[in-house]
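So the structure is just underneath, and the comments pick up after that.
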Amino acid sequence: MQRRFNPLEADARWQQVWDEKQSFRASDTSDKPRSYVLEMFPYPSGRIHIGHVRNYSMGDVLARFRRMTGHEVLHPMGWDAFGMPAENAAMEKKVHPGDWTRANIASMRAQLKKLGFALDWSRELATCEPDYYGHEQALFLDMLDAGLVYRKESAVNWDPVDMTVLANEQVIDGKGWRSGAPVEKRKLSQWFLKITQFADDLVEGLKSLDQWPDKVKLMQENWIGKSVGLQFSFALDAPLGGIDRLEVFSTRPDTIFGASFAAIAADHPIALALAAEDSELAAFAEECRRTGTAAAEVETQEKKGYDTGLSVVHPFDPDWKLPLFVANFVLMDYGTGAVMGVPAHDQRDLDFARKYMLPAERVVAPPGEEDQPVQAEAYTGPGRLVNSRFLDGMSVEAAKAEVIARAEAEGWGSGTTVWRLRDWGVSRQRYWGTPIPVIHCEGCGPVGVPKEQLPVTLPEDVGFDIPGNPLDRHPSWKHVDCPTCGKAALRETDTLDTFADSSWYFIRFASQPKDRPFDRETVEKWLPVGQYIGGVEHAILHLLYARFWTRALRHMGQIGFAEPFTGLFTQGMVTHETYKAGDGSWLSPQEVRKSGDDYVHIESGQPITVGRVEKMSKSKKNVVDPDDIIAQYGADAVRWFMLSDSPPERDLPWTEAGIEGSWRFVNRLWRLFGQVDPAATGDDKALDRKLHQTIDGVARDIEALSFNKAVAKIYELTNAVEKAAPSASRSAAIRALALLVAPMTPHLAEEAWAEMGAANGCTGLIADAAWPAVDPALLVEDEVTVACQVMGKLRDTIIVPKGTPKEELERLVLAAPNVARTLDGATPKKVIVVPDRLVNLVI
RNA sequence: GCGGACGUGGCGAAAUCGGUAGACGCAGCGGACUUAAAAUCCGCCUUCCCCUGGAAAUGCGGGUUCAAGUCCCGCCGUCCGCACCA
């Protein structure tokens, strides 16, 4: 065996062997239990970054481990290949988005292959190819037929930089998620997917996802935002044009007798009608629209209103009139754009009432506080109804039910659920996306492209020298005949949001027939995905859309399950120290050298300020390139480092010392593998025990994705094996160690396996080897260390046979020298014995 | 503001059910080998003290318990998500 492990040579050799033997090809017909391990597929930006390496290393350990434990594993890879960056590149570099994207895919594929992931490359797909997006178009048409797609003119979020519409989920703090430009409102005809039809089920379904992080489930629940209450109408005391009623929604119909005003949004039809003849109101409405929705602004925003002079009539008392305001805190796009104001029990209403001198009468009170006046804070807790006529004495819940029942009986309202979730607007005014397969005919309206004409492919001859949608200004592409009446018609020139592409790729991975999106039977063999791994930044967008899409397919009878991902794991980021030069400019790790405890700039020798450890970003220059690292240390050291130290859900600080340490360990293992001796004889019971405990523990840790713990256990075993004297046990441990590290450092393991060879029982590829069996008898120790405590403080420890009886333990502890000295002749009042663990003496 | 997570050595972290806090790794220190260096190996490594032992210590302050990093109450801090949601 060579003295040093040579990854540069070994990595490529084993990668080629796995490739030739198609070692990681998933069989649809295997009888083994199936396991679908999936990491979120990358956007082909051009380079793999270290975060990808961490993500795919984790998935790879699980995939390889599952193979070793007898599973038929599906572990595929593909490309989320449509999107804006390709068009931006086209504009800047005068390359076609397709050429740019495909070149990026080629180089990133090569990078991934260098890491030796156990991927089934035969199933590789790219969403920008017609043999993917054509099937997506078919699914869109199915949804159109099923009534899950509709077209609507609505105010949409317009990104003025990317010149496209954005979904609600893609607007963050009033800014476009990609461009960061403040989003404008525009009225446009757009295609929508009816995600709200599944709102309730999407919330309910979260309960079944016990292998999802609570954090993600909570984020989804909040995003969907279910509110149960009463939608009802106030009569206007004087009709305005054709409008004589005002619809409002309230989650607190029980407080209806505490109402002292009604308020509408600045964009509410009544407000618009009034503003047409009231310039003061028009100015106020304009001010409301101008106000940003950014966090800081909203918080400091004063509640302001404009008294319309109109009144509404209380539904339970025709003589009770409530003033109607236009208010800046009422939003047109939530509920009905109008509220009833109950100052005593809603803080915003209270702030508003104080400013405009409106009454604030308590109608719910906890016991004993019935007569307390309303102070600075609105009361939102439980209690009994007061000052509320026929509701007096009821609980909040009973009163809600009573008001809803009466409203429904009297016909002026009904119990309703309102959702924060909006339907998913999927139209994008972009070129590099899936063409929406619809033809607009003057006579027939929008008509779906007949399925036999799919795919509707993107034209190649497009230019990006002027802003806007190249599909729309293409001379011929959009001009087609109506499939229904045959008259001249126009193709839809919008493309689908790229989140549609990632909403079903995990299904296509499992089954890729040429003539349809997927084969149901094959899909149901593999799905749902057993373990999905990716960044938490997709907690809402991608994961919600994928859950919707899967439900839509089930709704249409195409598949039999609703949840696409049984297990979800959100891994942390890879971070790095930041370095700042004296002039405040950022420096990359390559420009910095450690000198004693300080850092200096290599070029100038000037001292460097070390900043906080942050997510790697180009702007702060704290990035490391996986290619450089692999070239220096090989794939296995990088993979090992990605799994070590930090728990996978937490951020992992990249350090030069850390990767050096991993590299040293790879070599340490390599030297140890060289010490295997098939001729060695003799037992080492302690080492056997350590080995079997480690095999068991590492398996559990990998199943739980606690890779850092598995790594620690492997270090411990390595330490023990190194210290052990030669024996048959030691050789067996060395061989088993190769199997234990095989999922993490597969090239090293494969090389060692081949070197150890048949003489040591190492035949075939370690990639095809089974996980070592555990002897349960060796998991239990026959001796245990028992802690000897006096008054809860550790005074001594004794080693006793496992299962030593209580009385005997007590006797031994009392005899322990340090215990006897501490007791100093005193007799314990009480003795607590936890068998095999500790004895605590209470004096 | 609402919701959530987290807080343990110089650093990344372990501690699975309330039962020996700091496993394992990194960095550091001392030593061996070497002409020397690298590599490797051995040892030390929470703090303090009257050092064959002892005391304190898991963000801070209380509580429950024979026993608390772990459970309960109240603070402080950091990070994340949402945000005028009726």
Side-chain angles (χ1 to χ4, degrees), chain A residues 3-4 172-173 213-216 218-223 225-227 229 231 248-252 263 265 291 293-295 297-299 301-303 327-331 333-342 346-349 351-352 418-420 536-537 539-540 594 597 613 641 644-647 649-653 655-662 664-665 667-668 671 697 700-701 704 706 708-719 722 785-797 817-818 821-822 828-834 836-843:
Chain A
R3 214 170 94 78
R4 280 195 120 187
I172 293 151
D173 280 345
D214 290 339
K215 176 193 169 81
V216 174
L218 196 68
M219 281 166 71
Q220 292 220 350
E221 194 179 328
N222 290 341
W223 186 266
K226 183 178 184 173
S227 297
Q231 183 166 332
V248 303
F249 173 75
S250 172
T251 54
R252 295 296 304 275
T291 320
T293 48
E297 284 178 84
V298 170
E299 203 163 329
Q301 182 76 41
E302 198 184 354
K303 306 284 170 278
N328 65 348
F329 65 88
V330 181
L331 305 174
D333 44 1
Y334 188 80
T336 61
V339 297
M340 71 166 179
V342 184
D346 182 290
Q347 192 59 48
R348 285 163 312 163
D349 294 352
D351 295 345
F352 191 80
V418 166
W419 305 90
R420 210 188 85 104
V536 73
E537 65 274 18
I540 294 174
K594 198 165 185 187
D597 285 342
V613 176
F641 182 48
S644 308
D645 292 353
S646 286
E649 69 277 9
R650 243 181 266 181
D651 288 351
L652 171 73
T655 61
E656 196 62 32
I659 182 68
E660 285 281 355
S662 295
R664 278 201 301 271
F665 183 66
N667 280 293
R668 216 176 124 198
R671 287 191 299 274
R700 285 170 199 276
D701 289 337
S706 300
N708 57 320
K709 294 192 213 168
V711 161
K713 288 191 175 87
I714 289 170
Y715 272 116
E716 278 190 65
L717 178 64
T718 306
N719 291 341
E722 281 179 340
T785 307
V786 170
C788 311
Q789 297 182 338
V790 178
M791 296 300 285
K793 285 197 198 305
L794 184 74
R795 294 299 169 185
D796 213 333
T797 58
N818 286 340
R821 185 155 27 89
T822 313
K829 278 198 295 240
K830 195 172 168 190
V831 179
I832 286 134
V833 180
V834 183
D836 295 338
R837 280 220 87 116
L838 63 72
V839 174
N840 189 12
L841 306 174
V842 186
I843 350 176

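Each chain gets a letter, A, B and so on, in the order the sequences are listed, and its residues count up from 1.
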Could you work out the separation of [N] and [M] based on their [atom1] atoms and round it to a whole Å?
N: B:G28; M: B:U20; atom1: P; answer: 33 Å
N: B:G62; M: B:C49; atom1: P; answer: 25 Å
N: B:G30; M: B:C50; atom1: P; answer: 25 Å
N: B:G69; M: B:A57; atom1: C1'; answer: 11 Å
N: B:A15; M: B:C24; atom1: C1'; answer: 12 Å
N: B:G22; M: B:C11; atom1: C1'; answer: 13 Å
N: B:C44; M: B:U58; atom1: C1'; answer: 23 Å
N: B:A37; M: B:C29; atom1: P; answer: 15 Å

Quick one: which protein N/O atoms are closer than 3.5 Å to N/O atoms of nucleotides 12-14 of chain B? Pair and distance per line, please.
residue	atom	partner	partner atom	Å
B:G12	O2'	A:Ser646	OG	2.8
B:G12	N2	A:Asp645	OD1	3.2
B:A14	OP1	A:Asn708	ND2	3.1

With syn defined as a glycosidic torsion within 90 degrees of 0 and anti otherwise, which applies to [N]?
N: B:C60; value: anti
N: B:C45; value: anti
N: B:G12; value: anti

Checking [X] now: which residues fulfil side-chain contact (heavy atoms from CB on, under 4.5 Å) with it, not counting sequence neighbours?
X: A:Arg668; answer: A:Phe665, A:Arg671, A:Tyr715, A:Thr718, A:Asn719, A:Glu722
X: A:Glu221; answer: A:Val203, A:Leu206
X: A:Val842; answer: A:Met791, A:Lys830, A:Ile832

Using every non-hydrogen atom in the two residues, find where [X] and [Y] come nearest and quote the distance to one decimal.
X: A:Ala539; Y: A:Met219; value: CB-CE, 3.5 Å
X: A:Met340; Y: A:Arg252; value: CE-O, 3.5 Å
X: A:Val786; Y: A:Asp836; value: CG2-C, 4.0 Å

Show each protein N/O and nucleotides 51-55 of chain B N/O combination with a separation under 3.5 Å, one pair to a line.
residue	atom	partner	partner atom	Å
B:A55	OP1	A:Arg795	NH2	3.2
B:A55	OP2	A:Arg795	NH1	3.2

Expressed in angstrom and rounded to an integer, what is the separation of [X] atom [atom1] from [N] atom [atom2]?
X: A:Glu722; N: B:C24; atom1: CD; atom2: C1'; value: 14 Å
X: A:Asn328; N: B:C85; atom1: CG; atom2: P; value: 12 Å
X: A:Leu218; N: B:C2; atom1: CG; atom2: C1'; value: 11 Å
X: A:Glu660; N: B:C11; atom1: CD; atom2: C1'; value: 17 Å
X: A:Phe641; N: B:C26; atom1: CZ; atom2: C1'; value: 9 Å
X: A:Glu716; N: B:G25; atom1: CD; atom2: P; value: 8 Å
X: A:Arg348; N: B:G1; atom1: CZ; atom2: P; value: 16 Å
X: A:Lys303; N: B:A83; atom1: NZ; atom2: C1'; value: 11 Å

Minimum-distance nucleotide (side-chain atoms of A:Tyr715 versus B:C85, B:C24, B:U20): B:C24
A:Ser250 side-chain proximity, nearest of B:C24, B:C82, B:A86: B:A86
Each stem that RNA chain B is part of, given as range with range (3 or more consecutive Watson-Crick or G-U pairs, under 3.5 Å): B:1-7 with B:76-82, B:10-12 with B:24-26, B:28-32 with B:40-44, B:46-49 with B:53-56, B:59-63 with B:71-75
Under the side-chain hydrogen bond (donor to acceptor under 3.5 Å, both in side chains) test, residues paired with A:Ser227 that sit two or more places apart: A:Tyr334
Under the salt bridge (Lys or Arg N to Asp or Glu O under 4.0 Å) test, residues paired with A:Arg650 that sit two or more places apart: none
Set of residues satisfying salt bridge (Lys or Arg N to Asp or Glu O under 4.0 Å) with respect to A:Asp796, sequence neighbours excluded: none
Separation of A:Thr336 OG1 from A:Gln231 CD (nearest 0.5 Å): 6.0 Å
Protein and nucleotides 45-47 of chain B: nitrogen or oxygen contacts under 3.5 angstrom:
none

Phosphate OP1/OP2 of B:A83: any A:Arg420 side-chain N/O under 4.0 Å: yes
Below 4.0 Å: OP1/OP2 of B:A15 and any side-chain N or O of A:Arg837: no
Interface polar pairs with nucleotides 62-67 of chain B, N/O, under 3.5 angstrom:
residue	atom	partner	partner atom	Å
B:C66	O2'	A:Asn840	ND2	3.1
B:C66	O2	A:Asn840	ND2	2.7

A:Arg664 and A:Asn667: side chain donor to acceptor below 3.5 Å: no
Minimum side-chain heavy-atom gap A:Val833-A:Val839 below 4.5 Å: yes
Any residue meeting ring-ring contact (aromatic ring centres under 6.0 Å, His included) with A:Phe641, in chain and number order, not counting sequence neighbours: A:Trp654
5' priority, RNA chain B, between A:Arg252 and A:Asn222 [closest heavy atom]: A:Asn222
Sugar-phosphate, base or nothing in reach of A:Val342, heavy atoms under 4.0 Å: nothing
